[in-house]
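Note sheet for the following structure.
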2 protein chains.
Amino acid sequence: MSTTIRAATPADVPQILAFIKGLAHYERAPHEVTATEEGLLRDGFGPQPIYHCLIAGHDGVPAGFSLFFFNYSTWKGKPGVYLEDIYVEPEHRGRGIGKALLVETAKFAVEHGCERMQWEVLDWNTPAIDFYRAMGGEFLDEWRNVRLSGDALNRLAVA
Amino acid sequence: MSTTIRAATPADVPQILAFIKGLAHYERAPHEVTATEEGLLRDGFGPQPIYHCLIAGHDGVPAGFSLFFFNYSTWKGKPGVYLEDIYVEPEHRGRGIGKALLVETAKFAVEHGCERMQWEVLDWNTPAIDFYRAMGGEFLDEWRNVRLSGDALNRLAVA
C-alpha cells in the first residue's frame with residue numbers, strides 16, 4: 001500500500017499514451033485521441049520540453065499521471081503551471097493518488113517560481129469541482145474559452 | 001494609414017508593460033498588474049523564452065500587441081498557441097489592427113506546427129465574442145477554469 005510519484009522518462013511514453021486514452025474515455029471522447037508515441041516523445045523529452053509529466057505508481061504498478069506546461073501571467077509578470085491532464089486509473093481511485101499528483105505538481109510550480117496553477121474541469125464533474133473548491137481553488141466563471149482549430153485557424157493565418 | 005506587425009524585441013519591454021496595463025484597465029482590474037520590466041525581459045527574451053510577443057504599429061506609432069505561449073494538446077499530441085493577451089489602444093481601434101494581430105498570431109501558430117489557437121474572453125465582452133464566433137471560434141462552455149494561487153498553492157505544495 002505505497003504510492004510513489006516520480007518524473008516521467010522516455011520509457012514511460014507508451015504508458016503516458018495509455019493514460020491519455022483512459023482520460024479521454026472518462027471525458028466521453030475516446031475517439032478524439034490522435035496523439036502518437038513519437039509525438040509525445042518529441043514534445044516532452046527533447047532539449048526544450050513543451051510539457052512535463054509525473055507518473056504515480058501504486059505498489060510498483062503505474063496508477064496515474066499529471067501532465068503540465070508553463071503558462072504566463074502578464075498581470076503578475078511571472079510564469080505559472082497549467083495542468084493539462086490529471087488522471088488515476090479506475091482501479092486505483094479512492095487511495096489519495098489524485099491528491100498526491102496535485103501536491104507534487106504544486107511543488108513543481110512553487111520550485112519553478114510560479115504563484116499560480118491553473119486547469120479546467122468539466123461542468124458535470126461535481127466530485128472534482130467539490131475537491132478543487134475545498135483545496136482553495138477559484139473558479140473563473142466570467143471567462144469563456146475560445147478555440148480556433150484546423151481549417152478555421154488556417155483560414156485566419158492566410159487572411 | 002499603414003499598419004505593421006513585427007516581433008517584439010527587448011527594447012519594446014516598457015511599451016509591452018504599458019499595453020499590459022492598458023488591457024488591465026479595459027478589463028476593469030488596473031490595480032492587479034504587478035509585472036515589472038525586469039520580469040518581462042527575463043521571461044520573454046532569454047535563451048528559452050516563456051512567451052512570445054508581436055507589436056502592432058500604426059503610422060510608426062505603437063498601437064497594440066499580442067502575447068502568447070505554447071500549450072499542449074494531449075489528445076492531438078501536438079503543441080498549440082495560447083493567446084494570453086491581445087490589445088489595441090483606444091485611439092487606434094476600428095482600423096483592423098486587432099484582426100491583423102490575430103492573423104499574425106495564427107501565422108506563428110501554423111508555422112510552428114500547431115493545429116489550434118486558444119484564448120479567453122470576458123463574458124460581457126459581446127463585440128469580441130461576436131468577432132471570434134464569426135471567425136470560426138468554438139466556445140468551450142462545458143469547461144470551467146480553476147485557479148490555485150498564492151497561499152492556497154503553497155499550502156497544497158507542502159501537503
Side-chain angles (χ1 to χ4, degrees), chain A residues 20 24 29 32-36 39-40 43 48 50-51 67 69-72 74-79 82 84-85 99 102-103 106-107 109-110 115-123 129 132 135-157 159, chain B residues 20 24 29 32-36 39-40 43 48 50-51 67 69-72 74-79 82 84-85 99 102-103 106-107 109-110 115-123 129 132 135-157 159:
Chain A
I20 290 168
E32 295 202 30
V33 177
T34 54
T36 63
L40 291 170
D43 296 331
Q48 296 198 20
I50 303 177
Y51 69 81
L67 190 150
F69 43 80
F70 289 108
N71 63 9
Y72 197 73
T74 48
W75 288 7
K76 299 277 180 194
K78 287 192 179 173
Y82 188 89
E84 177 72 13
D85 283 352
K99 175 75 182 284
L102 269 177
V103 167
K107 275 185 193 163
V110 170
E115 281 185 2
R116 284 181 177 176
M117 197 163 117
Q118 193 164 325
W119 64 97
E120 288 173 15
V121 59
L122 279 162
D123 57 8
I129 290 168
Y132 299 148
M135 190 181 291
E138 176 193 2
F139 289 83
L140 310 175
D141 292 329
E142 76 279 23
W143 291 96
R144 297 180 69 184
N145 296 313
V146 192
R147 179 184 288 165
L148 203 68
S149 310
D151 288 348
L153 177 64
N154 287 316
R155 271 198 306 276
L156 182 64
Chain B
I20 290 169
E32 295 203 29
V33 177
T34 55
T36 63
L40 292 169
D43 296 330
Q48 295 198 20
I50 303 176
Y51 69 82
L67 190 149
F69 44 80
F70 289 108
N71 63 8
Y72 196 72
T74 48
W75 288 7
K76 299 278 181 195
K78 288 192 179 172
Y82 189 87
E84 177 72 13
D85 283 351
K99 175 74 183 287
L102 270 177
V103 168
K107 274 185 194 165
V110 170
E115 282 185 3
R116 283 180 178 177
M117 198 164 117
Q118 193 165 324
W119 65 96
E120 289 173 14
V121 59
L122 280 162
D123 56 9
I129 289 168
Y132 299 149
M135 192 181 289
E138 176 192 4
F139 289 82
L140 311 174
D141 291 330
E142 75 279 23
W143 292 96
R144 296 179 71 184
N145 296 315
V146 192
R147 179 183 290 166
L148 202 68
S149 310
D151 289 347
L153 177 64
N154 286 317
R155 271 198 307 276
L156 182 64

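Below, chains carry the letters A, B, ... as their sequence lines are ordered, and counting in each starts from 1. From a predicted model like this one, the values you see are computed outputs, not experimental measurements.
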- Select one option (side chain, backbone, both, neither) describing which atoms of A:Glu32 are under 4.5 Å from chain B's heavy atoms. both
- Message: Taking salt bridge (charged side-chain N to carboxylate O under 4.0 Å, His left out) as the cut-off, I'd like each qualifying pair that reaches into residues 143-155 of chain A, sequence neighbours left out, listed once.
- Response: A:Arg144-B:Asp141
- Report the option among A:Ala109, A:Gly150, A:Ser149, A:Gly39 that has the most heavy-atom pairs separated by less than 4.5 Å from atoms of chain B. A:Ser149
- Item | Leading residue by heavy atom contact count with chain B [cutoff under 4.5 Å; candidates A:Asn71, A:Thr36, A:Ile50] | A:Asn71
- Against chain B, work out which of A:Leu140, A:Val103, A:Leu122 has the most heavy-atom pairs shorter than 4.5 Å and name it. A:Leu122
- Task: Find the distance between OG1 (B:Thr74) and CG (A:Leu67) and round it off to the nearest 0.5 Å.
- Result: 6.0 Å
- Between B:Ala152 and A:Gly136, the two heavy atoms sitting closest are CB-O, 4.1 Å
- Heavy atoms only, distances under 4.5 angstrom: which of A:Lys99, A:Met135, A:Met117, A:Glu84 has the most pairs with chain B? Name it, please. A:Met117
- Task: Give the member of B:Leu40, B:Val33, B:Asn145 that has the highest number of heavy-atom pairs under 4.5 Å with chain A.
- Result: B:Asn145
- Message: Is B:Phe139 close to chain A through its backbone or its side chain, or both, or neither, when contacts mean heavy atoms under 4.5 Å?
- Response: both
- Structural part of B:Asp85 lying under 4.5 Å from a heavy atom of chain A: side chain
- Query: Hey, what do you get for CH2 (B:Trp119) to CG (A:Leu148), rounding to the nearest 0.5 Å?
  - Reply: 4.5 Å
- With rounding to the nearest 0.5 Å, note down the distance linking NZ in A:Lys76 to OG1 in B:Thr34. 5.0 Å
- Item | Listed partners of B:Glu138 passing side chain to side chain donor-acceptor pair (under 3.5 Å), at least two apart | none
- d(A:Trp143 CH2, B:Asp123 CG) to nearest 0.5 Å is 9.5 Å
- Residues B:Tyr72 and A:Asp43: side-chain donor-acceptor under 3.5 angstrom: yes
- Between B:Glu115, B:Lys78, B:Glu120, which shows the greatest number of heavy-atom pairs under 4.5 Å with chain A? B:Glu120
- Item | Student check: side-chain heavy atoms of B:Val110 and A:Leu153 closer than 4.5 Å | yes
- Task: Using non-hydrogen atoms and a 4.5 Å limit, figure out which bit of A:Leu156 sits close to chain B: side chain, backbone, both or neither.
- Result: both
- Answer with side chain, backbone, both or neither: which region of B:Tyr51 has an atom nearer than 4.5 Å to a non-hydrogen atom of chain A? side chain
